[in-house]
S.K.: 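My questions will all concern the structure given below.
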Amino acid sequence: MARIEPFAALRFNTGTAGDISTLCCPPYDIISEEEHRKLLLKNEYNIVRLELPEGEDRYADAAATLKAWKEMDVLRADGAPTIYVYEEEFLFRGRPYKLNGIISRVGLEEFSKGIILPHEETLSKAKADRFALMEATACNFSQIYSLFRDEDKKVSGILSVVTSMKPEIEFQFDDGIIHRLWTIPEGDLTRQLESCFSDKKLYIADGHHRYETALAYRESLRKSGKYSGAEDPSNFVMMMLVDIGHPGLVIFPTHRLVKGIPSFDIGQTLAELTTVFDLRRVEEGASIEDELEGMENSAALYAGGHGAWILTLKDGQAVKKTLPEMSEAYCSLDVTMLHTLILEPVFGIDKENMARQKNLAYERDIAAAIRGVDSGEFQCAFILNPTRIGQIRDVATAGEKMPQKSTYFYPKIITGLVINEII
C-alpha cells in the first residue's frame, strides 16, 4: 500500500538566515497581498520568496533565489535521510489542542490504484501555477496534508515517545500557533514507521493541487526523456501524515458568497427554496452559527438587511434522487446539497461557473462572509456546518470527489521547516 521513506530535507541554517520564526510562512494559497508584503519585510530569506514568488519571471527568479541561498549556506541539506515529526499547538474556541504527525517522502500513486485517495475537486489555474514552480525549482516547498487510519496505534505510539523529548525546533508564529519539529534519522525507528504504512491507504486532506501537480511533473519528465525509472526522485512527494482519529483534528466549513446574479430578488429566491426546504427565520441578534450547529441536511442563507434563514431539506433523500449515480456518502454532504439543489437550479451557478468563480466566492470566516453581504459586495451568503472526518473518508473510499473548497483543515501546516528537493 502506501510507501514512505526518510529524506535529507533542505532546511534553513539559522546561523546564517536568522530566527526560524521569521523564515516561515503559511501555505501559498491562503497568503493575502498584505500578508505577503509583511512576510517579505520580516526577513530577507523568508521562504515566501520561493513558495509564492512575484514578478514577471517569478518562477525563474525563485529558481535563482534557491540556488543562491544554497550557495550562501542559507539553506543546507540534512546529513542523513530523516523522518520528521511535526506538531502544532493552538487554541480553538478557547480550548487548547495539539496535532502531530510525520513528514516524509511518500510514493506517488495514480488515484485509480486506490492507495492515495483525493476527496475534493481541483482548479486548473492553481495546478498550472504549482507546476511552473516545481518545473523551475524541482522542489516541494510545502507538505501535502494526508490522513491515515491508525487502528493499532503503532504510529501514535512511536510519536508519543518522540514528542516526549525536547524538540529540535520550537517557536510561536504571528498567529499564536506554536510549531515544534523533531528528527528521526534513518534507522530502526524509521524502518518501523515504513512498515506501519505498508498496509495503509492515505486520504488527501489538503494539497490536492500539489499532489496532482507532482503526478503531472513526473509525467513531464517521462515524456521529455529525463525520467530514470523506479529510483527517480520524482516518484515521491513530501507529505505530512496524520492519524484520521487524532483528537487535534479540526475542520472549518467554507461558506459560499453569491454575486452578480441579474435581477436578484430575495423574495423570489425564498419562494423557490420553499419547494424543497423548510425555512426557519433566524431571530434578529441570534447567532447563525449556533442556530445551524448540529443540524443535518441544512444550511443558512444570509441576505443582509433582509434577514437570515435556516434551510432544512424536506426530503432527506432529495439529493440522492437528483444524483442517483453518486454514493450515499457524497449525497449526504451539506455542500453537495447546496450545489445540487440551490446554486445550480436557483442561481444557474454550474460547475464551470464555480471553477471560474464568476458568481461565487469562498470564505472560511463567517464574520467576513456576513460583512461581504452587508457591504453590498455580495448579494447573499450560504453558511455551512463543517464536513465531518468520516464523510471525507467515505467519499474518498467511494472513489468520488467533493466540490472544491468543501473542507478547511485548521491550522494549516507551516511552510519553511523542511523542503524536499526532487534530486
Side-chain angles (χ1 to χ4, degrees), residues 30 32 92-94 250-319 322 331-350 353-354 357-388 391 402-410:
I30 64 167
S32 67
F92 175 61
R93 294 184 175 176
V250 173
I251 303 176
F252 289 165
T254 302
H255 312 297
R256 272 60 174 159
L257 295 101
V258 175
K259 61 182 178 179
I261 301 298
S263 305
F264 173 80
D265 181 85
I266 188 61
Q268 182 180 340
T269 298
L270 293 173
E272 290 189 55
L273 291 175
T274 55
T275 62
V276 182
F277 294 89
D278 289 321
L279 274 61
R280 173 170 59 86
R281 186 151 192 154
V282 177
E283 295 293 332
E284 188 174 349
S287 165
I288 297 174
E289 193 171 18
D290 291 345
E291 292 286 316
L292 186 62
E293 186 176 6
M295 297 191 67
E296 296 185 359
N297 299 320
S298 299
L301 166 62
Y302 179 71
H306 298 288
W309 294 262
I310 303 296
L311 318 175
T312 303
L313 274 180
K314 293 179 178 180
D315 177 2
Q317 290 297 305
V319 178
T322 305
C331 293
S332 73
L333 299 168
D334 291 341
V335 69
T336 303
M337 174 197 73
L338 175 62
H339 284 222
T340 305
L341 301 179
I342 300 177
L343 294 181
E344 186 160 357
V346 177
F347 297 110
I349 303 175
D350 58 16
N353 186 305
M354 291 174 195
Q357 297 186 33
K358 178 181 176 183
N359 296 109
L360 197 68
Y362 303 93
E363 177 55 61
R364 176 184 63 82
D365 182 56
I366 188 170
I370 288 170
R371 287 196 301 271
V373 177
D374 288 343
S375 70
E377 182 181 359
F378 297 94
Q379 293 161 315
C380 65
F382 288 93
I383 308 302
L384 296 167
N385 280 319
T387 303
R388 299 186 297 275
Q391 291 177 306
M402 300 177 186
Q404 61 266 23
K405 306 290 185 181
S406 291
T407 56
Y408 186 101
F409 282 81
Y410 179 84

S.K.: Between Glu293 and Arg93, is there a salt bridge with N-O shorter than 4.0 Å?
M.R.: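 The answer is yes: the pair qualifies as a salt bridge.
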S.K.: Only one of Leu338, Val335, Asp350 clears side-chain contact (heavy atoms from CB on, under 4.5 Å) with Leu343; which?
M.R.: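 When Leu338, Val335, Asp350 are each tested with Leu343, the side-chain contact (heavy atoms from CB on, under 4.5 Å) holds only for Leu338.
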S.K.: Take Ile342 and Leu311 through the test side-chain contact (heavy atoms from CB on, under 4.5 Å) and record every step on the way to the result.
M.R.: CA-CA 11 Å; Ile342 300 177; Leu311 318 175; 3.9 Å; yes
S.K.: To the closest 0.5 Å, what do you measure between SG (Cys331) and CG (Asn297)?
M.R.: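 Output value for this atom pair is 10.5 Å.
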S.K.: Just verifying a value: how many Å separate Asn359 CG and Asn353 CG, rounded to the nearest 0.5 Å?
M.R.: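 Going from the CG atom of Asn359 to the CG atom of Asn353 covers 4.5 Å.
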S.K.: Given Arg280 and Glu291, is the side-chain contact (heavy atoms from CB on, under 4.5 Å) satisfied, shown in steps?
M.R.: CA-CA 10 Å; Arg280 173 170 59 86; Glu291 292 286 316; 2.6 Å; yes
S.K.: Does the side chain of Thr269 reach to within under 4.5 Å of the side chain of Phe264, using non-hydrogen atoms?
M.R.: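 With C-beta onward as the side chain, the pair touches.
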S.K.: Of all the heavy-atom pairs spanning Ile251 and Thr387, show the shortest one and how long it is.
M.R.: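 Closest heavy-atom pair between Ile251 and Thr387: CD1-O, 3.5 Å.
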S.K.: Verify, without hydrogens or angle tests, whether Thr340 (side chain) and Val319 (backbone) share a donor-acceptor contact under 3.5 angstrom.
M.R.: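 Not a single qualifying donor-acceptor pair exists.
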S.K.: Using the rule side-chain contact (heavy atoms from CB on, under 4.5 Å), only one of Val282, Leu301, Leu279 pairs with Ile310; which is it?
M.R.: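 The single option meeting the side-chain contact (heavy atoms from CB on, under 4.5 Å) with Ile310 is Val282.
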S.K.: Using modelled atom types and a 3.5 Å cut-off, is there a donor and acceptor pairing between side-chain atoms of Ser298 and backbone atoms of Met295?
M.R.: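 The answer is no, because no donor-acceptor pair under 3.5 Å joins these two groups.
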S.K.: Give the minimum heavy-atom separation between Val373 and Gly304, together with the two atoms involved.
M.R.: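 Heavy-atom minimum between the residues: CG1-N, 3.5 Å.
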S.K.: Please give me the minimum heavy-atom distance between Trp309 and Gly307, naming the atom from each residue.
M.R.: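 Nearest heavy atoms, Trp309 then Gly307: CZ3-O, 3.4 Å.
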S.K.: Rounded to the nearest 0.5 Å, how far apart are CG of Leu273 and CG of Asp278?
M.R.: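 It is 11.5 Å, given to the nearest 0.5 Å.
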S.K.: Going by the angle between their ring planes, with limits at 30° and 60°, are Tyr410 and Phe252 parallel, tilted or perpendicular?
M.R.: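 Tyr410 vs Phe252 ring planes: parallel.
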S.K.: For Glu296, look at atom CD and say whether over 12 heavy atoms of other residues, nucleotides or ligands are found less than 6.0 Å away.
M.R.: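 Atom CD in Glu296 is not crowded, with 12 or fewer foreign heavy atoms closer than 6.0 Å.
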S.K.: Do Phe409 and Val250 pass the side-chain contact (heavy atoms from CB on, under 4.5 Å) test, and can you show the C-alpha distance, the side-chain angles, and the key distance before you say yes or no?
M.R.: CA-CA 6 Å; Phe409 282 81; Val250 173; over 6 Å; no
S.K.: Can you tell me how far apart OG1 (Thr407) and CZ (Arg364) are? Round to the nearest 0.5 Å.
M.R.: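 These two atoms lie 12.5 Å from each other.
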S.K.: With distance as the sole test, does Thr336 use its side chain to make a donor-acceptor pair with the main-chain N or O of Asp334 at under 3.5 Å?
M.R.: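 Here the side-chain-to-backbone pair does not exist.
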S.K.: Hey, does the side chain of Gln268 reach the backbone of Asp265 with a donor-acceptor pair shorter than 3.5 angstrom?
M.R.: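 It does not hold such a pair.
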S.K.: Is Asn385 reaching over with its side chain to a backbone N or O of Leu292, donor-acceptor style, under 3.5 angstrom?
M.R.: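 Checked: pair present.
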S.K.: Walk me through it: do Cys380 and Phe347 pass the test side-chain contact (heavy atoms from CB on, under 4.5 Å)?
M.R.: CA-CA 11 Å; Cys380 65; Phe347 297 110; 4.3 Å; yes
S.K.: Is there a donor-acceptor contact under 3.5 Å from the side chain of Arg256 to the main chain of Thr254?
M.R.: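 Such a contact is found between Arg256 side chain and Thr254 backbone.
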S.K.: Do any N or O atoms from the side chain of Gln379 and from the backbone of Gly260 form a donor-acceptor pair under 3.5 angstrom?
M.R.: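 At least one qualifying donor-acceptor pair exists.
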S.K.: Is the number of heavy atoms from other residues, nucleotides or ligands under 6.0 Å of Arg388 CZ greater than 12?
M.R.: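 Open: at most 12 neighbouring heavy atoms sit under 6.0 Å from CZ of Arg388.
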S.K.: For residues Tyr302 and Phe378, establish whether the separation of their ring centroids is below 6.0 Å.
M.R.: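 Between Tyr302 and Phe378, the centre distance exceeds or equals 6.0 Å.
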S.K.: Is there a side-chain contact between His255 and Ile366 in this structure, where contact means two heavy atoms from C-beta onward sitting under 4.5 Å apart?
M.R.: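 SC-SC contact between His255 and Ile366 confirmed.
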S.K.: Could you tell me whether Glu377 and Arg371 make a salt bridge, using a distance below 4.0 angstrom between a side-chain N and a carboxylate O?
M.R.: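 Salt bridge between Glu377 and Arg371, a charged N being under 4.0 Å from a carboxylate O: no.
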S.K.: Does any non-hydrogen side-chain atom of Glu363 lie less than 4.5 Å from one of Leu257?
M.R.: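 Answer yes - side chains close enough.
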S.K.: Crowded around Lys314 NZ? As in, over 12 foreign heavy atoms under 6.0 Å?
M.R.: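 Yes - once you tally the heavy atoms of other residues, nucleotides and ligands closer than 6.0 Å, there are more than 12.
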S.K.: Testing the basics here: between Ala299 and Leu384, what is the closest heavy-atom pair and its distance to 0.1 Å?
M.R.: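 Taking Ala299 first and Leu384 second, the nearest heavy atoms are CB-CD2, 3.8 Å.
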S.K.: Quick one: does any side-chain atom of Thr274 pair with a main-chain N or O of Ala271 as donor and acceptor, under 3.5 Å?
M.R.: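 Checked: pair present.
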S.K.: Less than 4.5 Å apart, side chain to side chain, heavy atoms only: is that true for Phe277 and Leu313?
M.R.: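 Touching, per the 4.5 Å side-chain cut-off.
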